[in-house]
There are 2 protein chains.
Amino acid sequence: MPQYRTLDKLDRKLLNLLQKDNQTPTRVLADKLHISQPTCLRRIRELREAGVISAEVAMVDSFALGYGMLAFLEVSLTNQADECMREFEARMNKEAEVMQCYFVSGEYDYFLVVHVIDMDAYYQFVRRAISGSGNVRHFHSRFPMKRAKFTTRIAFDEKAAELPVRTGK
Amino acid sequence: MPQYRTLDKLDRKLLNLLQKDNQTPTRVLADKLHISQPTCLRRIRELREAGVISAEVAMVDSFALGYGMLAFLEVSLTNQADECMREFEARMNKEAEVMQCYFVSGEYDYFLVVHVIDMDAYYQFVRRAISGSGNVRHFHSRFPMKRAKFTTRIAFDEKAAELPVRTGK
DNA sequence: GCTGAAATCACACATTA
DNA sequence: TAATGTGTGATTTCAGC
């Protein structure tokens, strides 16, 4: 049963900052928000515990490094029974090459963003994880030529009133 | 002029760990890699300075929180001159709602992933940033019903030989 | 929000290969 | 000579008040 919690202005300012850089000392964040360092730290801990902050990670821009390639892969299943869809999603969650997986409406059922080292690795991936999976009717690949933007940052409105969100606990 | 650098096994193990959680104390990371804490920290700093680690951020899973919605937006430009494309990409980089922007081949020129609070905000965004931009011939929206997977983690092979990458400095 | 103890970070230097 | 490990002081985190 999901519980609810609200994010006040302080929480949202904090989230906006931490989504840019989570290595900033709490002392510095506290100064920017005009609060004390312990208060700042407590807020951060609460956001973590509530699951509002879902992960804290280092990001590698593999394209800036000239490492790897990307593919868009659209997939339609032979069987759209709930269990089959769950099973497909669970499998995609296990595949390291699958960066993103969306359930979509239209000609295909799923839209995937796949990261692989090279075209041969992509071929191997498709044969193993997609066409060899038993529940795929057909699929279609596209290859983006350039990633012009990629961010995980959600801009929270720092002026609006309290914002209610669902938490996991 | 890009310079090159290689990632050895230690670097790749470190990247695999930091991409999961960058809040782990260097002492703990060092133990896992069987190296000393200063060596571990030095490696991390070098990966940062070389730009291999492009960002260190907190992630907010807005869908788990029941906050916001996603749209796929395909756009084709009226003018595909290099300058027009640059200008479009620069504009998308400024728009907070645009999470991802890819240059693709096919019917459309760009594929965007857009995050907004609600459908009205999406309408406002499209009118302002897309159809009102002066260089868009036509566009098409799709709305994914579920995000079944989202990760920024690239799995580096910890067994392979030295891996050459491009660095910014 | 403040203070102090514990942990972590980050440096200079010695050591090894 | 370049990279790793050791020891130590400065910062930061974090609990109790």
Side-chain angles (χ1 to χ4, degrees), chain A residues 5-60 65 67 153 156 158 162 167-169, chain B residues 1-60 153 156-169:
Chain A
R5 174 204 158 85
T6 55
L7 302 176
D8 64 15
K9 288 179 194 183
L10 226 48
D11 289 322
R12 291 191 303 253
K13 282 186 185 176
L14 208 41
L15 287 173
N16 284 342
L17 291 171
L18 290 173
Q19 284 185 108
K20 274 188 223 167
D21 180 6
N22 73 342
Q23 296 291 83
T24 317
T26 52
R27 170 92 213 119
V28 177
L29 294 172
D31 286 348
K32 287 189 184 178
L33 302 185
H34 307 295
I35 55 176
S36 74
Q37 179 271 328
T39 302
C40 182
L41 184 58
R42 184 173 19 223
R43 290 287 188 133
I44 295 174
R45 198 171 45 220
E46 283 167 4
L47 289 169
R48 281 183 190 136
E49 284 168 3
V52 175
I53 293 175
S54 59
E56 290 166 277
V57 302
M59 295 221 291
V60 176
L65 301 181
Y67 173 73
R153 193 152 97 231
F156 286 100
E158 297 183 358
E162 304 252 305
T167 66
K169 305 188 179 171
Chain B
M1 182 186 292
Q3 292 190 338
Y4 288 85
R5 172 201 161 85
T6 55
L7 302 176
D8 63 14
K9 288 179 193 183
L10 227 47
D11 290 321
R12 292 189 305 252
K13 282 185 185 176
L14 208 41
L15 287 173
N16 283 342
L17 291 170
L18 290 173
Q19 285 185 108
K20 274 187 225 169
D21 180 6
N22 73 342
Q23 296 291 84
T24 318
T26 52
R27 172 82 235 152
V28 177
L29 294 173
D31 287 348
K32 286 189 185 180
L33 302 185
H34 308 294
I35 57 176
S36 72
Q37 178 267 328
T39 301
C40 182
L41 183 58
R42 182 165 37 224
R43 291 287 189 131
I44 294 174
R45 197 174 50 218
E46 285 167 2
L47 289 169
R48 280 182 190 136
E49 284 169 2
V52 175
I53 293 175
S54 59
E56 291 167 276
V57 303
M59 296 222 292
V60 176
R153 195 153 96 231
F156 286 99
D157 186 346
E158 297 181 359
K159 289 168 193 162
E162 304 251 305
L163 176 70
V165 294
R166 205 160 54 213
T167 68
K169 303 186 179 169

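Just so it is clear, the model here is predicted, and its values are computed rather than measured. Chain letters run A, B, ... following the sequence lines, proteins first, then strands; residues in each count from 1.
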Asker: Tell whether A/Gln37 reaches the base of D/dC14 with its side chain through a donor-acceptor pair below 3.5 angstrom.
Answerer: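 Side chain to base: pair found, below 3.5 Å.
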
Asker: Among the nucleotides D/dA15, D/dG5, C/dC9, which one has an atom lying closest to any side-chain atom of B/Pro25?
Answerer: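 Of the candidates, C/dC9 comes closest.
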
Asker: Would you find a donor on one side and an acceptor on the other, under 3.5 Å apart, between the side chain of A/Thr167 and the backbone of A/Arg5?
Answerer: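 No, the answer is negative, given that no donor and acceptor are paired below the 3.5 Å cut-off.
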
Asker: Any side-chain N or O of A/Arg42 below 4.0 angstrom from OP1/OP2 of D/dG16?
Answerer: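 Answer is no, no contact under 4.0 Å.
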
Asker: Rounded to the nearest angstrom, tell me the gap between atom CG in B/Leu47 and atom P in D/dA3.
Answerer: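 To the nearest whole Å, that distance equals 13 Å.
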
Asker: Please report, rounded to the nearest Å, how far the C1' atom of D/dG5 is from the CZ atom of B/Arg27.
Answerer: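 Nearest whole value for this atom pair: 11 Å.
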
Asker: Among C/dC2, C/dC9, D/dT13, which nucleotide sits nearest the side chain of A/Thr26?
Answerer: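 Nearest nucleotide to the side chain: D/dT13.
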
Asker: Please walk me through it: do A/Gln37 and A/Leu41 pass side chain to side chain contact (heavy atoms under 4.5 Å, CB included)?
Answerer: CA-CA 6 Å; A/Gln37 179 271 328; A/Leu41 184 58; 4.0 Å; yes

Asker: CG of B/Leu10 versus P of D/dA3: gap in Å, rounded?
Answerer: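 These atoms are roughly 13 Å apart.
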
Asker: For DNA chain D, whose closest nucleotide is more 5', that of A/Arg45 or that of B/Arg43?
Answerer: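 The residue closer to the strand's 5' end, by nearest nucleotide, is B/Arg43.
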
Asker: When you measure from the side chain of B/Ser36, which nucleotide among C/dG1, D/dC14, D/dT6 comes out closest?
Answerer: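 Among the listed nucleotides, the one closest to the side chain of B/Ser36 is D/dT6.
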
Asker: Please check if the side chain of B/Asp11 supplies one atom and the backbone of B/Asp8 the other of a donor-acceptor pair under 3.5 Å.
Answerer: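 Side chain of B/Asp11 to backbone of B/Asp8, a donor-acceptor pair under 3.5 Å: yes, one is there.
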
Asker: Tell me the interatomic distance from A/Glu46, atom CD, to D/dC14, atom P, rounded to whole angstroms.
Answerer: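 Checked: the CD to P distance equals 14 Å.
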
Asker: For the pair made of CD in A/Gln23 and C1' in D/dT11, what is the distance, rounded to whole Å?
Answerer: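 Between C1' of D/dT11 and CD of A/Gln23: 14 Å.
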
Asker: What is the separation between atom CG on B/Leu29 and atom P on C/dT8, rounded to the nearest whole Å?
Answerer: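 After rounding, the reported distance stands at 11 Å.
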
Asker: Looking only at the side chain of B/Thr39 (C-beta and beyond, no hydrogens), which of the listed nucleotides D/dT4, C/dC11, D/dC14 gets closest?
Answerer: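 Ranking D/dT4, C/dC11, D/dC14 by closest atom to the B/Thr39 side chain puts D/dT4 first.
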
Asker: CZ of A/Arg48 versus C1' of D/dC14: gap in Å, rounded?
Answerer: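 After rounding, the reported distance stands at 12 Å.
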
Asker: Please check if the side chain of B/Arg12 supplies one atom and the backbone of B/Leu7 the other of a donor-acceptor pair under 3.5 Å.
Answerer: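 Looks like yes, one N/O pair under 3.5 Å.
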
Asker: Counting only side-chain heavy atoms from C-beta out, which of D/dG5, D/dA15, D/dT6 sits nearest to B/Ile35?
Answerer: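 Ranking D/dG5, D/dA15, D/dT6 by closest atom to the B/Ile35 side chain puts D/dG5 first.
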
Asker: Let me know the distance between CG of A/Asp31 and C1' of D/dT12, rounded to the nearest Å.
Answerer: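 Atom CG in A/Asp31 sits about 14 Å away from atom C1' in D/dT12.
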
Asker: Between B/Glu162 and B/Lys9, is there a side-chain N and carboxylate O pair less than 4.0 Å apart?
Answerer: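 Between B/Lys9 and B/Glu162 there is no salt bridge, as every charged N stays at least 4.0 Å from the carboxylate O atoms.
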
